[in-house]
Amino acid sequence: MLRTKTCGELRSENIGEEVTLCGWVDGYRDHNGVVFIDLRDRYGITQVAFKLDLAPEIQEQARKLRNEDVLRATGTVIDRGENVNPKLDTGKIEIHASELEVYSKSKTPPFEPGTQELPNEELRLQYRFLDLRRQELHDALAIRHRVSKITRDYFDTQGFLEIETPMLGRSTPEGARDYLVPSRVHPGAFYALPQSPQIYKQILMVAGYDRYYQLARCFRDEDLRADRQPEFTQIDVEMAFVDREDIFSTIDGLVAALIEGVRGTSTPLPLPRISYHDAMERFGSDKPDLRFGMELVDVGETVADCEFGVFKNVIAGGGRVRGMNAKGAAEKYSRKNIDGLTAFVGEYGAKGLAFFRVKANEGGDLCLDSPIAKFFSDEHQQAIIGKLKGEAGDLLFFVADKPAVTSAALGALRFRLGRELELYDPKEINCAWIIDFPLVTWNEDENRWDAEHHPFCSVVAEDVELIKTDPGKVRALSYDLVVNGNEAASGSIRIHDSDTQQAVFDLLGMPAEEAEARFGFLLEALRYGAPPHGGIALGLDRWVMLFCGYDNIRDVIAFPKTQKAADLLSGAPSEVDSRQLRDLHIRNVTK
RNA sequence: GGGGCCGUAGCUCAAUUGGUUAGAGUACCGGACUGUCGAUCCGGGGGUUGCGGGUUCAAGUCCCGUCGGCCUCGCCA
């Protein structure tokens, strides 16, 4: 090594030692007779002093050092005495340099990795090599490494094999849009990058590899979000000869190991479970944030005969009126704030947001205060207050609409209010299984049933008969793991007998020929002795994001892409020359 | 595809709500200084206000379009 120590490890015990450090200039202070350099590497910062009286021959060179220059300095570890810097772990010592080698000068950087105020993200992504020098990115990627390492160790102890599956696969048009790769040797034909290793891992089960996992890179050509990148990493798992409980206990163990390994805290197992139905009723979401309460309440019966036309008409039309109680928030939201919330729920299809402040009148009785309170008799007001357990100072919100809209709007509003009202400890990691998802949901536009999870998802045994009679009521053997309001894992027990598989294809309106054409290779494999099997995939990026306490996954990915799926560092995607296109039998039709 | 926020010096921001030569901090350059650690002090350079149109006596500011970044609905089996 070119160095004998790192910039993070020297302490008082090292005083008197001759050491050599390498690193980047994090800051410089030139006092003519002495030049101070804050030298930074992965491990920390150490102050190096270049003193005129000790090494006059390198003084001139030291005075020219600027931020982000790379150097090697050799010198003696000195006690700082009175001049300790409590901000640095190495603050009790410094190096009095006798030798200096400048490996490379840096152009003036567009921003300083050590600075407090971050530049805009566009610049950070363009100069990602500078951004990655920041301590926060180092920490995030270290946690990411820890999650991967713990995962591999855990599955190893459980007898799993890590098996790689192809990146160049066959396009199956279901689900997300594929990223396609043209074939040179098969003119007009394309590979697809995997949306997930789903079909391959099921084939591995048929092949007898009954405990498989993989840290799998996946690709989906869909619009991005804060927690969605076009390429991302799944902890992909599949097991044979198992039922749902085996998956839960296996993943419970992984989750506990991750939290223990990253946070150092233990997690009570088994993780709690909530049915999809209960999650939607109580929280308005299939990925509820369970760090706080503020559950939804149905007041449909209570307000069915009130004088407020909106409520009355919605109930009469088969809709629902649901609400929730923001405890103590009456004075925290002005009329203008609430207008903002009304616009917010509008994004989820709600046509309005009714609100009431709970107040105590002169007599000490509770009543509702709102522009629409006059439409509610005293009996109605008391009933509403009773249902939502209202107390003076509470703020009640209601949405009246189609059932799905009340869930979507109130679920989103609850999530937002929980954050704004700081109803939880932001460091908490709260996990729960959501189970008993519906197998299919009705697609209004296409006038058919769509698979909620995917077409190979098995069904709760007692619901099999319902496939033909009442498909919307069929519960799937699928499950999600939600963490702090994020879908952090999703999986299912798969269908392994062809009768059930055919029944599901029939339900989805997929003719046998079409199923054969699309994933016949999986169906054929299942005909050669398929064990009962099931699995799950965890979103590794999201888990790391949650462990870091960030609100987007770009900050836990070394080289992320922008919302338009561009890499601002490399310039991908880019045009290619016509020769490459010709080799691939591709013609550019945009010109 | 839709909605919203943003774009001014290398960077972070300001600019009287349409009005004189677009400012500050920081970074950068030069100088002073032997104990700083957000060093300090003196001096200096640095602008196509993302881009293109339009309105106006006058546009960083208003309007239209466009590019880019972020958030989001749809989408993501």
Side-chain angles (χ1 to χ4, degrees), chain A residues 26-39 45-54 56 59 63-64 66-68 78 80-88 90-91 94 96 107-127 130 172-178 195-196 198-199 218-230 232 340 343-350 408-409 412 416 437 439-441 443 445 449-457 476 478 487 490 492 504 508 510 518-519 539 551-552 554 561-564 566 568:
Chain A
D26 198 62
Y28 65 94
R29 293 170 294 283
D30 182 356
H31 288 250
N32 195 23
V34 55
V35 175
F36 297 103
I37 298 293
D38 298 325
L39 195 64
I45 292 176
T46 298
Q47 174 164 285
V48 181
F50 296 89
K51 292 166 73 79
L52 187 59
D53 50 1
L54 288 180
Q59 185 74 359
R63 294 188 70 177
K64 288 181 182 158
R66 292 295 178 268
N67 288 342
E68 305 310 315
I78 301 293
R80 285 227 218 167
E82 297 292 299
N83 295 320
V84 297
N85 183 350
K87 292 178 186 170
L88 296 180
T90 60
E94 66 184 7
H96 284 191
K107 288 174 69 178
T108 300
F111 63 92
E112 311 280 345
T115 196
Q116 297 299 322
E117 43 187 28
L118 278 175
N120 71 62
E121 191 163 2
E122 197 172 351
L123 200 72
R124 289 175 53 203
L125 292 172
Q126 188 182 345
Y127 293 91
L130 295 180
T172 54
E174 286 66 36
R177 272 186 287 270
D178 286 325
Q195 297 172 26
S196 81
Q198 181 64 37
I199 290 177
C218 304
F219 306 84
R220 293 179 189 176
D221 186 6
E222 296 292 345
D223 287 348
L224 275 52
R225 288 287 188 282
D227 62 351
R228 279 167 24 192
Q229 282 274 301
F232 60 101
F344 176 72
V345 296
E347 293 173 26
Y348 300 87
R416 173 172 170 168
F437 278 80
L439 181 72
V440 291
T441 49
N443 183 329
D445 299 332
W449 295 101
D450 280 345
E452 175 74 19
H453 185 57
H454 59 57
F456 316 114
C457 178
S478 66
E487 181 191 316
S490 182
S492 64
V504 170
L508 297 174
M510 188 184 300
R518 290 187 175 187
F519 14 74
D551 54 13
N552 79 74
R554 294 185 300 280
K561 290 182 174 56
T562 68
Q563 195 161 59
K564 295 193 78 177
L568 298 183

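For the numbers below, each heavy atom of this structure counts, side chains included, while hydrogens, waters and symmetry mates do not. All chains are named by letter (A, B, ...) in the order of the sequence lines, taking the proteins before the strands, and each is independently numbered beginning at 1.
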> Would you indicate which nucleotide in B:rG35, B:rG69, B:rC75 comes nearest to any side-chain atom of A:Q47?
B:rG35

> Using Watson-Crick or G-U wobble geometry with both distances below 3.5 Å, tell me the partner of B:rA24, or none.
B:rU12

> Could you go through the salt bridge (Lys or Arg N to Asp or Glu O under 4.0 Å) check for A:E121 and A:R554 one step at a time?
CA-CA 10 Å; A:E121 191 163 2; A:R554 294 185 300 280; 2.5 Å; yes

> Has the side chain of A:R220 got a donor or acceptor that lies under 3.5 Å from a partner of the other kind on the base of B:rC76?
no

> Go through A:F50 and A:F36 one step at a time and tell me if the ring-ring contact (aromatic ring centres under 6.0 Å, His included) criterion holds.
CA-CA 6 Å; A:F50 296 89; A:F36 297 103; 9.7 Å; no

> Please confirm whether any donor atom in the side chain of A:R554 sits under 3.5 Å from an acceptor in the base of B:rC70, or the reverse.
no

> Can you tell me the Watson-Crick or wobble partner of B:rG68, both distances under 3.5 angstrom?
B:rC6

> Can you identify which nucleotide, out of B:rG35, B:rU34, B:rG69, has its nearest atom closest to the A:L568 side chain?
B:rG69

> In whole Å, measure the gap between the P atoms of B:rG60 and B:rG18 for me.
13 Å

> Is any N or O donor-acceptor pair between the side chain of A:N85 and the base of B:rC37 shorter than 3.5 Å?
yes

> Over how many whole Å does the gap from A:F50 atom CZ to B:rC37 atom P extend?
19 Å

> Can you confirm whether the side chains of A:Q47 and A:R29 place a donor and an acceptor under 3.5 Å from each other?
yes

> Indicate, with a heavy-atom threshold strictly under 4.0 Å, whether A:P110 touches base, sugar-phosphate, or nothing.
sugar-phosphate

> Counting distance alone, no hydrogens or angles: does the base of B:rG2 have a donor or acceptor under 3.5 Å from a partner atom on the side chain of A:E347?
no

> Please check if the number of heavy atoms outside A:Y127 that lie under 6.0 Å from its OH is greater than 12.
no

> Heavy-atom distance under 4.5 Å between the side chains of A:P230 and A:D221, does that happen here?
no

> According to a strict under-4.0 Å criterion, is A:T108 in side-chain N/O contact with OP1 or OP2 of B:rA27?
no

> Quick check: does any side chain N or O of A:R225 sit under 3.5 Å from a backbone N or O of A:R228, one acting as donor and the other as acceptor?
no

> Does A:L224 reach a base, just sugar-phosphate, or nothing at all? Heavy atoms under 4.0 Å.
nothing

> Which one, B:rG69, B:rC11, B:rC29, comes nearest to the side chain of A:P119?
B:rC11

> Could you work out the separation of B:rC73 and B:rC57 based on their P atoms and round it to a whole Å?
46 Å

> With nearest nucleotide decided by heavy atoms, which residue, A:N120 or A:K561, maps closer to the 5′ end of RNA chain B?
A:N120

> Do any N or O atoms from the side chain of A:H454 and from the backbone of A:F456 form a donor-acceptor pair under 3.5 angstrom?
yes

> Do A:E117 and B:rU26 share a donor-acceptor pair, side chain to base, under 3.5 Å?
no

> Base, sugar-phosphate alone, or nothing: which one does A:Y28 contact when heavy atoms must sit under 4.0 Å apart?
sugar-phosphate

> Could a donor-acceptor pair under 3.5 angstrom be found where the side chain of A:R228 meets the base of B:rC75?
yes

> Restricting to nitrogen or oxygen on both sides, can you table the protein-nucleotides 43-46 of chain B pairs closer than 3.5 Å?
none

> If you look at every strand shown and take non-hydrogen atoms under 4.0 Å, does A:E452 touch a base, only sugar-phosphate, or nothing?
sugar-phosphate

> Out of B:rC28, B:rU36, B:rC70, which nucleotide sits closest to the side chain of A:L125?
B:rC70

> Donor-acceptor pair, A:T441 side chain versus A:W449 backbone, under 3.5 Å?
no

> By the 4.0 Å heavy-atom rule, please label A:Q59 as base, sugar-phosphate, or nothing.
nothing

> With sugar-phosphate meaning primed atoms plus P, OP1 and OP2, does A:L123 contact a base, only sugar-phosphate, or nothing at under 4.0 Å between heavy atoms?
sugar-phosphate

> Within the structure, does a side-chain N or O atom of A:R29 lie under 4.0 Å from either OP1 or OP2 of B:rU34?
no

> Between B:rU56 and B:rU66, how far apart are the two P atoms, rounded to whole Å?
23 Å

> Contact class for A:K564 (heavy atom, under 4.0 Å): base, sugar-phosphate, or nothing?
sugar-phosphate

> A:F111 stacking on B:rC11: centroids under 5.5 Å, ring planes under 30°?
no

> With A:R63, which residues qualify under side chain to side chain donor-acceptor pair (under 3.5 Å), at least two apart?
A:D30, A:N32

> Just N and O in the side chain of A:Q195: are any of them under 4.0 Å from OP1 or OP2 of B:rC76?
no

> Tell me: CZ of A:R416 to C1' of B:rU72, nearest whole Å?
12 Å

> Pick base, sugar-phosphate or nothing for A:D30, based on heavy-atom distances below 4.0 Å to the nucleic acid.
base

> Which part of the nucleic acid, if any, lies within contact of A:E121, taking any heavy atom under 4.0 Å across all strands shown: a base, the sugar-phosphate backbone alone, or nothing?
sugar-phosphate

> If you check the A:F36 side chain, which of B:rC75, B:rU36, B:rG69 turns out closest?
B:rU36

> Taking the minimum atom-to-atom distance to the side chain of A:E122, which one of B:rU34, B:rG68, B:rG1 wins?
B:rG68

> Identify whether any heavy atom of A:R225 sits under 4.0 Å from a base atom; if not, whether one sits that close to sugar-phosphate; answer base, sugar-phosphate or nothing.
base

> What distance, rounded to whole Å, do you find between the two P atoms, one in B:rG65 and one in B:rU26?
41 Å

> Between A:E68 and A:T108, is there a donor-acceptor pair closer than 3.5 Å when you use the side chain of the first and the backbone of the second?
no

> Under 4.0 Å between any heavy atoms, over every strand shown, what does A:D53 touch: base, sugar-phosphate, or nothing? Just pick one.
base

> Toward the 5' end of RNA chain B, which comes first, A:E112 or A:V34, by nearest nucleotide?
A:E112

> Determine if the base of B:rU34 is syn or anti; take syn to mean the glycosidic torsion is within 90° of 0.
anti

> Tell me whether A:E222 is salt-bridged to A:R177, with the criterion being a basic N under 4.0 Å from an acidic carboxylate O.
yes

> Quick one: side-chain contact (heavy atoms from CB on, under 4.5 Å) partners of A:Q195, sequence neighbours excluded?
A:A176, A:D178, A:R220

> What integer number of Å spans the C1' atoms of B:rA9 and B:rA14?
13 Å

> Answer yes or no for this row: A:H31 ring on B:rA39 base, centroids under 5.5 Å, planes under 30°.
yes

> How far, in whole Å, is B:rU49 from B:rG7 if one measures between their C1' atoms?
9 Å

> Just call it for A:F456: base, sugar-phosphate, or nothing, with non-hydrogen atoms closer than 4.0 Å on any strand.
nothing

> Among B:rC33, B:rC37, B:rC28, find the nucleotide with the atom closest to the side chain of A:R66.
B:rC28

> When rounded to the nearest Å, what value does the distance between C1' atoms of B:rA39 and B:rG52 take?
47 Å

> When rounded to the nearest Å, what value does the distance between C1' atoms of B:rG44 and B:rG53 take?
39 Å

